[in-house]
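Numbers restart at 1 for each chain; the letters A, B, ... are given by sequence-line order, proteins then strands.
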2 protein chains.
Amino acid sequence: MNDTRKPETEKPEPLPRLGEIGLSNYAPYLMNRIMGRYNADLRQEMTELGLTTPKMRALAVLSVIDALPISELAVYAVVEQSTLSRALDQLASDNMVRRDADPNDSRVTRIGITDAGRATLDRLWPTMARSYAQMFKGIPEEERQAFVTTLQKVLKNIRKHDF
Amino acid sequence: MNDTRKPETEKPEPLPRLGEIGLSNYAPYLMNRIMGRYNADLRQEMTELGLTTPKMRALAVLSVIDALPISELAVYAVVEQSTLSRALDQLASDNMVRRDADPNDSRVTRIGITDAGRATLDRLWPTMARSYAQMFKGIPEEERQAFVTTLQKVLKNIRKHDF
DNA sequence: GATTTATAATTGCAAATGCATATTATTCTG
DNA sequence: CAGAATAATATGCATTTGCAATTATAAATC
């Protein structure tokens, strides 16, 4: 088989440009667009609840994994550490979270979510769930599951931490 | 078959919470994590080129679709219009883009990318391509293609504009 | 065709952000 | 175990951001 007639899929050039790939075939672009809309959809409800994106993300992560050190929470929540530090100031003054000293390492502050924090997130959750449902409307469950599986692989490929 | 023992997958409650789904099964969370890393990976190179995220995104979109009105560019680039307006000030003063009056509607300013703008994006592109390749390392081409197809469906589901 | 309404882009301003640094605590090295 | 290197968090400061208001133009309505 001497196939010289179909070079399209055989890495024909050293580095195809974005213009050649096209925005709508470039996964990072699509993910950015999607997350931009998702975050915009939550914005109004968040504002009414006195939340910003960093505050919301901190609460969301803590609702799943409580008592995290700030530095780990920053990774999970995808927020700069200094930004998170200040977001936690606000959350703490609103009694949404607690700052607890780590008993083994006194450099570490572990963040705990309070009942009030959970209650606030519960009020936001229907909006998040609605936006999530809208994303996958008309997409078969099997396809959604495969999509999530690929997302997990991609995250594993590029993340810097083990979580 | 009276199966009362496995309610886990039979939508047992009206609205499962994030804690029940788990962060690593929640697609928006995974996409946020992934895009956070992707953007962080580009940051250093961008800084060296004098670019911010809004400036980079504007150039990237314009490299594919030139001469867009600012309001459309804002949607494509996923940047607030006022932020984009100021990003374009900087790009224009660096001769990366041009502001051209629309001949049919004098409210509209169309943005054109210059050779210098393309050149700057060309210098960033290898970093973008490397990060992109890293994402899909070890993932079969067929799976990547299916993933992009689902992304396109999701975007179509939630976008507010027709593009 | 004058008046109201809608759209595109810019700008003022307060708040949020991120980088670099400071502070405190821990671990490593010789 | 003293001193240096590393780590976790907080903070000072300049820049960036986003909302709201402004300006300018176009479209719709009466």
Side-chain angles (χ1 to χ4, degrees), chain A residues 32 36-37 39-48 50-58 67-94 97-112 160-163, chain B residues 32 36-37 39-48 50-58 67-94 97-112 160-163:
Chain A
N32 256 140
R37 179 105 313 276
N39 291 321
D41 285 350
L42 301 190
R43 186 131 282 144
Q44 184 183 354
E45 184 80 12
M46 279 173 30
T47 301
E48 287 167 16
L51 296 177
T52 60
T53 297
K55 289 164 80 176
M56 175 274 282
R57 288 189 182 169
L68 281 171
I70 293 175
S71 51
E72 278 187 39
L73 181 55
V75 175
Y76 278 111
V78 195
V79 175
E80 274 291 314
Q81 188 262 322
S82 61
T83 302
L84 180 60
S85 178
R86 282 181 267 242
L88 292 173
D89 288 345
Q90 297 185 44
L91 286 172
S93 80
D94 289 344
V97 302
R98 251 172 305 102
R99 282 188 219 245
D100 299 327
D102 184 293
N104 299 327
D105 186 338
S106 50
R107 290 171 303 182
V108 172
T109 303
R110 289 184 177 269
I111 306 300
K160 287 289 195 321
H161 302 79
D162 295 330
F163 48 89
Chain B
N32 257 138
R37 179 103 315 274
N39 291 320
D41 285 348
L42 301 190
R43 185 131 283 143
Q44 184 183 353
E45 184 79 14
M46 277 172 32
T47 301
E48 287 167 17
L51 295 177
T52 60
T53 297
K55 288 164 80 175
M56 175 274 281
R57 289 188 181 170
L68 281 172
I70 292 175
S71 52
E72 278 187 40
L73 180 56
V75 174
Y76 277 111
V78 196
V79 176
E80 274 291 315
Q81 210 215 30
S82 62
T83 302
L84 179 60
S85 179
R86 282 182 266 241
L88 293 172
D89 288 346
Q90 299 187 62
L91 287 172
S93 80
D94 290 344
V97 302
R98 250 172 305 102
R99 281 188 221 245
D100 299 327
D102 184 294
N104 299 327
D105 186 338
S106 50
R107 291 171 303 182
V108 173
T109 303
R110 289 184 177 270
I111 306 299
K160 286 288 194 321
H161 302 80
D162 295 329
F163 48 88

| field | Any A/R99 side-chain nitrogen or oxygen under 4.0 Å from OP1 or OP2 of D/dA10 | value | yes
| request: Starting at the 5' end of nucleotides 16-29 of chain D, put B wherever the base has a protein heavy atom under 4.0 Å, S where only the sugar-phosphate does, and a dash everywhere else. | output: -BBB-----BS---
| task | Mark yes or no for whether B/K55, through its side chain, and B/G50, through its backbone, hold a donor-acceptor pair below 3.5 Å. | result | yes
| message | I'd like the 5' and 3' limits of the part of DNA chain C contacted by chain A, with heavy-atom contacts below 4.0 Å. | response | C/dT17 to C/dT26
| task | Could you grab the distance from atom CD of B/E80 to atom CZ of B/R86, nearest 0.5 Å is fine? | result | 10.5 Å
| query | Of B/V78, B/D89, B/V79, which meets side chain to side chain contact (heavy atoms under 4.5 Å, CB included) against B/L84? | reply | B/V79
| Does any non-hydrogen side-chain atom of B/N32 lie less than 4.5 Å from one of A/N39? | yes
| task | Could you tell me whether the side chain of A/R99 reaches within less than 4.5 Å of the side chain of A/I111, counting heavy atoms only? | result | yes
| note | Heavy atoms of B/L91 and B/A58 approach each other most closely as CD1-CB, 4.1 Å
| task | Take the protein atom CG of B/L51 and the nucleotide atom P of D/dT15, then report the distance between them rounded to whole Å. | result | 18 Å
| request: Give the rounded distance in Å between these two atoms: CD of A/E72 and C1' of D/dT9. | output: 14 Å
| message | So, using salt bridge (charged side-chain N to carboxylate O under 4.0 Å, His left out) as the criterion, who are the partners of A/D94 when residues are at least two apart? | response | none
| What is the distance from atom OG1 of B/T52 to atom CZ of B/R43, rounded to the nearest 0.5 Å? | 8.5 Å
